[in-house]
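To start, the structure under review is shown below, and the notes come after it.
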Amino acid sequence: MRNFRGSKRLRRGSVTLKDGIGLVFPQNTSVEKERPADSRQIEAKQNEVVTVKTVPVRLGSRSYEIEIGTNLLGRVVKRLACLAAGRQVVVVTDENVSSTYADPLLSSLRESGFTPLLAVVPPGESSKSLSIASGLFDQMIHSNADRRTVVIALGGGVVGDLAGFVAATYARGVSFYQIPTTLLAMVDSSVGGKVGIDHPLAKNMIGAFHQPIGVTCDIDLLASLPDRQYRCGLAEVVKYGVIMDPIFFEMIETSIDAINQRDPLVVATMVARCCELKAQVVEEDEFETTGRRAILNYGHTFAHAFETAADYEKVQHGEAVAMGMICAARLAERLGRIDGQINHRQRALWKSLQLPTVVPSWLLEEDLIASMRKDKKSLAGRLRFVLPTRLGHVSIVEDVDESLVQEVMRECSQSP
Ligand SMILES: NC(=O)c1ccc[n+]([C@@H]2O[C@H](COP(=O)([O-])OP(=O)(O)OC[C@H]3O[C@@H](n4cnc5c(N)ncnc54)[C@H](O)[C@@H]3O)[C@@H](O)[C@H]2O)c1
Ligand SMILES: [Zn+2]
């Protein structure tokens, strides 16, 4: 059984990595015994920084690094001192995150000679709007932000997408640094350069590709994250296992307790593997032109329909993705592409990670198929699904019979 090796070696508050070797994810099919060149684990004493991994995102002149570990806020400032010395910085955050994390970051920035501007937006999806973006532009103009200004996103996916959009468009584009504070933002939205805001008629419709100059995932920042948000991030984590890495999937299965207890080293290693996997996909298809990036939408055709039907209120994105992955695996099963194993193992994981294992029947009262046809991922109204061919591999399937899709959703609304 593969596991997250060494996970008990790191304790919150007193960071101790004995033996100098922590856990390392396997790259392909075998567990690596050596430290990879880009892993910089440090034998640490109390309050010292532990960088579990630095993941490069190789995009030519837009390349950058994602640093993952604990107690990293101080290091962000050191990185910024190298990347953006003497430049104005604007920290964008939301009210929930600001109360805990803005002060330490701002103090650290000031100590290093920066004069940071702080912009705090209301929490929630409604901040991904033109009016909030416009308010940020106003603040930046008032404070004489120029083309050398660096925008720092300190928050979840909402803040990252919004701040990134502002950075992509202010003065035809300024530099952007991400400090994600939700699990979802660490494993998904902060990697890959998609930034944007919502249009009242369509989510994420106004945006750009704008890569950050760096990303820091400080696992300590997840300590205050509400349980439901943490679990939503886990749905995306498991997704990477199903679409790309069966060993990672297995490691999640065998590390449930540590994941549920948010063991910092296990979470950091898990985040690092997700970042590596997403970086691989983004490197192959930065601007979503080759189709490779579409594999990240596994479960999402269903999920978007569920979210729309629930008005984005009663169902969180990660919960919709968990249900969507169940439906996608079942659809693949019904099409004869896989046996029942993947569905069975996914459901077992959702149960252990306290994510939904069935689609609530009230969701089926909506016209979910019509919603799927309108999804921007569909092609001219034709449904497209990312379906597993085996654990760790998926492909895109078009022209699936709509009545079968409907039937599958009905099946998935009942306990197996
Ligand atoms: N750009 C991309 O590639 C991409 C990918 C996936 C999702 N997204 C976007 O990400 C957004 C969802 O992101 P999210 O799930 O992070 O939601 P979010 O940013 O709304 O954060 C969820 C909630 O947690 C709070 N929060 C954040 N960090 C916290 C912390 N450390 N402690 C306590 N509370 C904290 C926030 O204030 C918010 O209330 C959506 O808008 C989605 O479209 C973008
Ligand atoms: Zn998602």
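Each ligand, and each atom within it, is numbered from 1 in the order the structure gives.
At a cut-off of 3.5 Å, with distance as the only test, no side-chain donor of Arg148 or Ser175 sits close to an acceptor on the other residue. Residues Gln316 and Glu307 bring no donor and acceptor atom of their side chains to less than 3.5 Å of each other. A side-chain N or O of Tyr64 and one of Gln211 form a donor-acceptor pair less than 3.5 Å apart.
Atom 33 (C) of ligand 1 has as its closest protein heavy atom Ser224 O, 3.2 Å. At the top of the distance list for atom 25 (C) of ligand 1, counting protein heavy atoms only, stands Asn96 ND2, 4.0 Å. In terms of protein heavy-atom proximity, atom 14 (P) of ligand 1 is nearest to Gly157 N, 3.5 Å. For atom 21 (O) of ligand 1, the nearest protein heavy atom (residue, atom name, distance) is Thr182 CG2, 3.7 Å. Nearest protein heavy-atom neighbour of atom 28 (N) of ligand 1: Thr181 OG1, 2.7 Å. Summary of contacts: the protein heavy atom closest to atom 7 (C) of ligand 1 is Leu184 CD2, 3.7 Å. Of the protein's heavy atoms, Gln229 CG, 4.0 Å lies nearest to atom 24 (O) of ligand 1. Looking from atom 6 (C) of ligand 1 to the surrounding protein, the closest heavy atom is Asp188 OD2, 3.5 Å.
The closest approach between any non-hydrogen atom of Lys278 and ligand 1 is below 4.0 Å. At least one heavy atom of Leu225 sits less than 4.0 Å from an atom of ligand 1.
Under 4.0 angstrom from ligand 1, the non-hydrogen atoms of Asn204 all belong to its side chain. When heavy-atom distances to ligand 1 are checked against a 4.0 Å cut-off, Asp94 comes that close only through its side chain, counted from C-beta outward. Residue contacts with ligand 1, taken as heavy atom pairs separated by less than 4.0 Å, involve Lys203 solely via side-chain atoms from C-beta onward. In Pro226, the part holding a heavy atom less than 4.0 Å from any atom of ligand 1 is the side chain. When non-hydrogen atoms are compared, ligand 1 lies under 4.0 Å from the side chain of Glu125 (C-beta onward) but not from its backbone. Contact annotation: for Gln316 versus ligand 1, there are no heavy atoms closer than 4.0 Å. Using a 4.0 Å cut-off between heavy atoms, Asp161 contacts ligand 1 through its side chain alone, with no backbone atom that close.
Salt-bridge formation is not detected for the pair Glu284/Arg293: no Lys NZ or Arg NE/NH1/NH2 atom is positioned less than 4.0 Å from an Asp or Glu carboxylate oxygen.
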### Query
Tyr177 and Arg79: side chain to side chain donor-acceptor pair (under 3.5 Å), yes or no, with the steps?
CA-CA 10 Å; Tyr177 196 98; Arg79 283 181 86 187; 2.9 Å; yes

### Message
Applying ring-ring contact (aromatic ring centres under 6.0 Å, His included) to Phe302 and Phe385, what does each step give before you reach the verdict?
### Response
CA-CA 9 Å; Phe302 289 103; Phe385 293 92; 5.0 Å; yes

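In summary, the atoms of ligand 1 found under 4.0 Å from a heavy atom of Tyr101, numbered by their order in the structure, are 31 (N). The ligand atoms of ligand 1 that sit less than 4.0 angstrom from a heavy atom of Lys128 are 9 (C), 40 (C), 41 (O), 42 (C), 43 (O).
Any N or O atom pair closer than 3.5 Å counts here, and Leu221 shares at least one such pair with ligand 1. Residue-to-ligand polar distances place Val158 within reach of ligand 1: an N/O pair is separated by less than 3.5 Å. Residue contacts with ligand 1: Pro123 is placed with no nitrogen or oxygen under 3.5 Å of a nitrogen or oxygen of the ligand (distance criterion only). Of the N or O atoms in Lys194, one or more lie within a sub-3.5 Å distance of an N or O in ligand 1.
A distance-only check finds a donor-acceptor pair linking the side chain of His304 to the backbone of His300 [under 3.5 Å].
Summarising the geometry of Leu383 relative to Glu402, their closest heavy-atom pair is CD1-CG, 4.0 Å, with the distance given to 0.1 Å. Met323 and Val358 make their closest contact through SD-O, 3.7 Å (heavy atoms, listed as atom of the first residue, atom of the second, distance). Of all non-hydrogen atoms in Leu222 and Thr181, the two that sit nearest each other are CD2-O, 3.4 Å.
Nearest to atom 2 (C) of ligand 1 by heavy-atom distance, out of Cys232, Gly207, Ser190, Ser189, is Ser189.
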